[in-house]
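The structure appears right after this line, and notes come after that.
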There are 2 protein chains.
Amino acid sequence: MAIDYQGLVTQGLARQISEKIRDAILEGRLQVHERLPTEEELAARFSVSRPTIREALKRLAAQNLIRSRRGPTGGTFVNRPSRDDARGLVATAAALLVSMGEFTLADIAEARQQIEIVCCGLAAQRRTDEQLAAMAEEIRLQRDPALLDADFCASDVRFHRTLVEAAGNPALEFAAAGVLDSLQPAVNLVIFRFRDRRQVALQHERLHRALEARNGEAACAALTDYMNALRRQYRKAQALRAAPVAPAVGGVRG
Amino acid sequence: MAIDYQGLVTQGLARQISEKIRDAILEGRLQVHERLPTEEELAARFSVSRPTIREALKRLAAQNLIRSRRGPTGGTFVNRPSRDDARGLVATAAALLVSMGEFTLADIAEARQQIEIVCCGLAAQRRTDEQLAAMAEEIRLQRDPALLDADFCASDVRFHRTLVEAAGNPALEFAAAGVLDSLQPAVNLVIFRFRDRRQVALQHERLHRALEARNGEAACAALTDYMNALRRQYRKAQALRAAPVAPAVGGVRG
DNA sequence: CTCTACCATTTGTCTGACAAATTAGGGAAT
DNA sequence: ATTCCCTAATTTGTCAGACAAATGGTAGAG
């Protein structure tokens with residue numbers, strides 16, 4: 001392969017430029033909060049026009065890699081990527097894959113169960129009192145009969161996110177982000193009609209007590225029961241969707 | 001909160017437009033492979049200029065949500081998001097977080113161990129012969145003394161990715177993508193000098209045999225030993241970095 | 001010394017234009 | 001009649017210049 005021919009320039013200037021800058025950030029040649037040259041200067045450096053530079057910067061802005069401000073002290077700055085930003089990116093990607101049917105609900109439920117079981121073991125050792133209190137607060141919320149279904153689901157997500165957080169491992173939290181923030185709502189949307197909210201709150205409380213006592217095995221058992229119940233309800237929902245005698249399930253498409 | 005004041009238009013037109021289109025895709029109002037209007041028509045619809053539309057489209061292109069082609073049958077099309085694209089996004093985000101020091105190496109190692117242990121149990125039941133063969137091939141590669149360190153690490157990553165794949169759960173695979181594709185190379189870069197390659201290949205083979213026999217517990221045990229050894233070597237590397245008597249570790253910054 | 005008004009700088013957006021790519025269709029040659 | 005090539009049309013990619021909006025600094029007035 002002695003062929004290069006000057007690097008195949010047929011891929012779009014903006015794309016190449018954005019990748020150059022992205023690599024510079026990833027490799028640390030551009031420090032966080034460092035201000036990069038003005039758009040005009042960048043255009044001169046790369047020998048392209050300003051709109052092209054702007055398109056390249058937009059690509060990076062879409063990934064939250066840079067931020068821009070107007071004014072004399074303004075300009076384009078390298079962003080410190082926050083965990084929440086990363087979580088959002090992962091959640092979006094996961095949501096897309098779900099909506100395209102790349103995952104089955106059974107896949108999602110299983111992945112969630114396995115990851116959360118891991119978290120239960122770790123959280124039993126490492127949970128803080130604050131995290132315990134946050135879980136208790138969600139349980140209290142979930143007991144409110146006036147709570148809307150959507151809010152109940154949101155509370156459910158927050159509860160389980162707190163569980164993962166209580167495992168005290170940011171890397172694990174990152175890995176779980178996609179499954180929790182995006183996949184669980186998908187599950188909820190399908191089957192929340194069939195979920196007994198009091199039962200859910202009860203199981204949550206059982207889990208909470210186990211973590212309070214730092215009893216990892218009890219926590220795992222509680223979670224397993226919870227997930228098994230969820231799976232039963234999911235199968236029930238699936239059966240009804242397969243043979244929809246009564247329009248019990250509201251159509252997803254409005 | 002009776003305040004809205006027409007929705008705060010101070011966020012950038014391109015951003016708003018890209019979010020509108022993104023939501024349309026996520027909610028299924030735009031089908032995959034559907035062609036959306038030409039840039040000119042979009043500009044007219046949104047009452048903005050074409051560069052603004054282009055900036056919005058660039059943001060979406062950066063997320064692989066759309067693709068563009070020139071020509072009469074060209075235009076902008078909705079992309080079917082592939083798992084590899086998603087994996088790439090997650091890996092990039094993870095790499096960024098690692099380079100910013102959001103995760104410690106201990107976090108990463110633990111997350112990897114926990115997730116892979118889960119996969120071991122599932123893979124013992126579900127692994128296909130093809131996956132088994134792929135693992136064997138990697139082991140054969142890893143036994144080659146002429147293999148470069150970088151290639152050895154790459155083979156290591158592929159081996160473990162196959163393990164996750166053998167668990168037969170796409171959602172779990174997605175969750176593990178960040179930890180495997182991006183975090184493990186980071187680990188390898190730090191400590192690969194200290195890893196006994198024959199030892200690694202041996203442990204891999206032990207894992208391979210356990211999966212071949214569909215023995216989940218043996219697979220978990222093999223992986224645990226492997227990860228514990230890795231952790232020991234990591235601590236050794238860390239100690240050397242803390243007190244660098246000899247320049248055994250090449251600087252990362254060249 | 002403090003506050004206000006102006007100003008310079010930088011990004012955000014617009015207008016208009018041309019270049020490049022790619023397909024459709026017509027015309028010519030076999 | 002069929003096949004090949006060439007031209008034209010359409011759409012994105014890039015460029016150039018300009019003005020608007022925001023924002024922080026600074027000079028001047030009280």
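Hydrogens, waters and symmetry mates play no part in the numbers below; they use all other heavy atoms, side chains included. None of these values were measured; they are calculated from a predicted model. Each chain gets a letter, A, B and so on, in the order its sequence line appears, and its residues count up from 1.
Between A:Ser47 and B:Thr73, the residue whose closest nucleotide on DNA chain D is further toward the 5' end is B:Thr73. When each of B:Leu36 and A:Ile53 is assigned the nucleotide of DNA chain D with its nearest heavy atom, B:Leu36 is the one assigned upstream, toward the 5' end.
Side-chain contact between B:Glu116 and B:Val179 is absent, with no heavy atoms from C-beta onward closer than 4.5 Å.
Within a 6.0 Å radius of CZ in B:Arg45, other residues, nucleotides and ligands contribute 12 heavy atoms or fewer.
Atom CD in B:Glu40 sits roughly 11 Å away from atom P in D:dT10 (whole-Å rounding). Atom pair B:Ile17:CD1 and C:dG12:P shows a separation of 14 Å (rounding to whole Å applied). Distance CG (B:Leu13) to C1' (C:dC14): 11 Å, rounded to an integer number of Å. Rounded to an integer number of Å, the gap from B:Arg70 CZ to C:dA21 P is 6 Å. When rounded to the nearest whole Å, the span between NZ of A:Lys58 and C1' of D:dG13 equals 18 Å. Between the P atom of C:dT13 and the CD atom of A:Glu39 lies a distance of 11 Å, rounded to the nearest Å. Summarising the geometry, the separation between CZ on A:Phe46 and P on D:dC15 is reported as 12 Å, rounded to the nearest angstrom. With rounding to whole Å, A:Arg67 atom CZ is found 13 Å from C:dG12 atom P.
Of the side-chain N and O atoms in B:Thr52, one or more sit less than 4.0 angstrom from OP1 or OP2 of C:dC14. Neither OP1 nor OP2 of D:dA16 sits under 4.0 Å from any side-chain N or O of A:Arg50. The shortest distance between the side-chain N/O atoms of A:Thr76 and the OP1/OP2 oxygens of C:dT10 is not below 4.0 Å.
Nearest nucleotide to the side chain of A:Ser68, out of D:dA9, C:dG12, D:dG13: C:dG12. Here the nucleotide nearest the side chain of A:Arg54, chosen from C:dG12, C:dT23, D:dT23, is C:dG12. Picking from C:dT15, C:dA8, D:dT11 the nucleotide with the shortest atom distance to the side chain of B:Pro51 gives C:dT15.
Within the 4.0 angstrom heavy-atom criterion, only backbone atoms of the sugar-phosphate kind lie near A:Arg35; the bases stay farther away. B:Arg69 comes within contact range of the sugar-phosphate backbone alone, with a heavy-atom separation under 4.0 Å but no base atom that close.
Using a cut-off of 4.0 Å between Lys/Arg side-chain N and Asp/Glu carboxylate O, A:Glu40 and A:Arg50 are scored as not salt-bridged. With respect to the salt-bridge test (charged N to carboxylate O, under 4.0 angstrom), the residues A:Arg22 and A:Glu19 do not qualify.
Contact record, A:Met135 with A:Phe159: CB-CE1, 3.7 Å, taken as the closest heavy-atom pair.
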